[in-house]
Amino acid sequence: PLHEGWRYLPLRLYKGFWFPEFILPGVLSLRHHLRPTSSDILLVSFPKSGTTWLKALVFAISTRNPELLLSRHPQDCSPNLEAFFAGPHVPDLDALPSPRQFSTHIPYSVLPKSVHDSPCRIIYLCREPKDTLVSTYHFVIGMHRPEAAPQQMPFTEAVELFCKGLSMYGPVWEHQLEYWQESQRRPDKVLFLKYEDMMADPEAIVRRMAEYMGKPFSAAEEMNGMVGEIVRLSSFEKLSGLEINKVGLWGKEFDLGHLAIKNSSFFRNGKVGDWREHFTAEMAERFDAIARDKLHQSGLTHSHSS
Ligand code: A3P
């Protein structure tokens, strides 16, 4: 079924999750083309969980050259696989430099089996769902078509849809839970990170990521302040102020119809707890009750959730 509640972003249900209509062909095509290797890193998140930040950090850790972020939009540091494959041309993944860094929003159970079975590693970024919804709301109403009037959508309507699982790659709880459970079963396969922990102590998380990626910082790099530089040059304050991240449109390489997504729309305010500016107490309680019900006994909790 097709659902058009999110205005310019029709969603289609596939294997229990709602995919943007224009992306689903890429999700299906990917199965035939992705042959992960042991050096590949897959960056995974539910949309609007801080993927842009994750891409910047992993790129900086991998290259050890965070200055490159001054001239490159983080979205261009690791291609989104399903968007890549949704375009008119089948991309040549083998041409990408090694170690390859891909990103995807595909739920664990919908990933190609080749990813489950191969020794490639996954870094999953999880964000508190109320903040994720607020970010989704602003992102989707910010999408526009040339000459069209700005989109109107009451926030309460977005909450209704999101609670029913109706949002890009939703439901969010199942998405997070699948990766959480896999990270518990196979910690060497999935590193499960939280946006809120990254905000609280970014240097500690950067060190963890580097170790997981098999690229721990040397004593000399620690002495030189490499970790602090990576954190500084990947920060919201730094990236959102760069000209390269303020201009242009995202996704020129594939067909978005007449939809326009601004490169700048990946940077809004980058805060923990912005949901408080949008939710009433009743809305938050209803939302949290869903989380309690779905995450019950899983061990996955959301700090800063109330
Ligand atoms: P907000 O809309 O709450 O500000 P994604 O990259 O998955 O699309 O997620 C976008 C969210 O991450 C936005 O959240 C955006 O502001 C935030 N973000 C982008 N870059 C960031 C960074 N360097 N540090 C922290 N948050 C960042």
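Atoms within a ligand are numbered from 1 in the order they appear, just like the ligands themselves.
Checking only distances, Phe236 does come within under 3.5 Å of ligand 1, N or O to N or O. Remark: ligand 1 and Lys271 share no N or O pair separated by less than 3.5 Å (distance only, no angle test). Note: no N/O pair closer than 3.5 Å links His105 and ligand 1 by distance alone. When only interatomic distances are considered, the shortest N/O to N/O separation between Gly270 and ligand 1 falls below 3.5 Å. Here's the thing with Asp131: none of its N/O atoms is less than 3.5 angstrom from an N/O atom of ligand 1. Geometrically, ligand 1 and Asn269 share a nitrogen or oxygen pair separated by less than 3.5 Å. Ligand 1 has an N or O atom lying under 3.5 Å from an N or O atom of Gly50, backbone or side chain. Of the polar atoms of Ser45, none of the N or O atoms is found under 3.5 Å from an N or O of ligand 1, judged by distance alone.
In the displayed structure, Arg208 atom CZ is contacted under 6.0 Å by at most 12 heavy atoms of other residues, nucleotides or ligands.
Residue Ser235 approaches ligand 1 through these ligand atoms, each under 4.0 Å from one of its heavy atoms: 23 (N).
Considering Phe19, Phe17, Phe162, Tyr14 as possible partners of Tyr169, the one that fulfils the ring-ring contact (aromatic ring centres under 6.0 Å, His included) test is Phe19. Here the rule is side-chain contact (heavy atoms from CB on, under 4.5 Å) with Gln176, and of Gln181, His302, Lys294, Lys194 only His302 fits it.
A salt bridge between Asp131 and Lys271 is absent, with no side-chain N of the basic residue lying under 4.0 Å from a carboxylate O of the acidic one.
Between Tyr195 and Trp53, the ring planes are perpendicular. Angles over 60° get that label, and only those under 30° would be called parallel. The aromatic rings of Phe155 and Phe279 sit perpendicular to each other, their planes meeting at more than 60°, with 30° as the lower class boundary.
Not a single heavy atom of Lys55 sits closer than 4.0 Å to an atom of ligand 1. Look at Ala56 and you'll find every heavy atom at least 4.0 Å from all atoms of ligand 1.
In terms of modelled atom types and a separation under 3.5 Å, the side chain of Lys189 and the main chain of Cys120 share a donor-acceptor contact. Under the 3.5 Å distance criterion, the side-chain polar atoms of Arg64 are matched with a main-chain donor or acceptor of Ile61. Looking at Trp6, its side chain does come within 3.5 Å of a backbone N or O of Leu166 through a donor-acceptor pair. For Lys215 (side chain) and Ala210 (main-chain N/O), no donor-acceptor pair under 3.5 Å exists by modelled atom type. Distance alone, capped at 3.5 Å, is enough to place a donor-acceptor pair between the Ser240 side chain and the Phe236 backbone.
Relative to the six-membered ring of Phe139, Lys48 meets both conditions, a distance below 6.0 Å and an angle of at most 45° to the axis.
Residue contacts with ligand 1 for Ser49 involve N, CA, C or O but no side-chain atom from C-beta outward (heavy atoms, distance under 4.0 Å). If you look at Ser234 next to ligand 1, the close heavy atoms, those under 4.0 Å, all belong to the backbone.
Selection from Lys48, Met199, Lys238, Arg127 by nearest heavy atom to atom 3 (O) of ligand 1 gives Arg127. Closest to atom 17 (C) of ligand 1 by heavy atom, among Tyr195, Phe267, Phe139, Trp275, is Tyr195.
Protein heavy atom closest to atom 5 (P) of ligand 1, with residue, atom name and distance, is Thr51 N, 3.4 Å. Atom 13 (C) of ligand 1 has Ser135 OG, 3.5 Å as its closest protein atom, hydrogens excluded (heavy atom only). Looking at atom 22 (C) of ligand 1, its nearest protein heavy atom turns out to be Trp53 CG, 3.4 Å. Shortest contact from atom 16 (O) of ligand 1 to any protein heavy atom: Arg268 N, 2.9 Å. Among all protein heavy atoms, the one lying closest to atom 15 (C) of ligand 1 is Phe266 O, 3.3 Å. Among protein heavy atoms, the minimum distance from atom 6 (O) of ligand 1 is reached at Thr52 OG1, 2.5 Å.
Donor-acceptor pairing under 3.5 Å is lacking for the side chains of Ser78 and Ser103.
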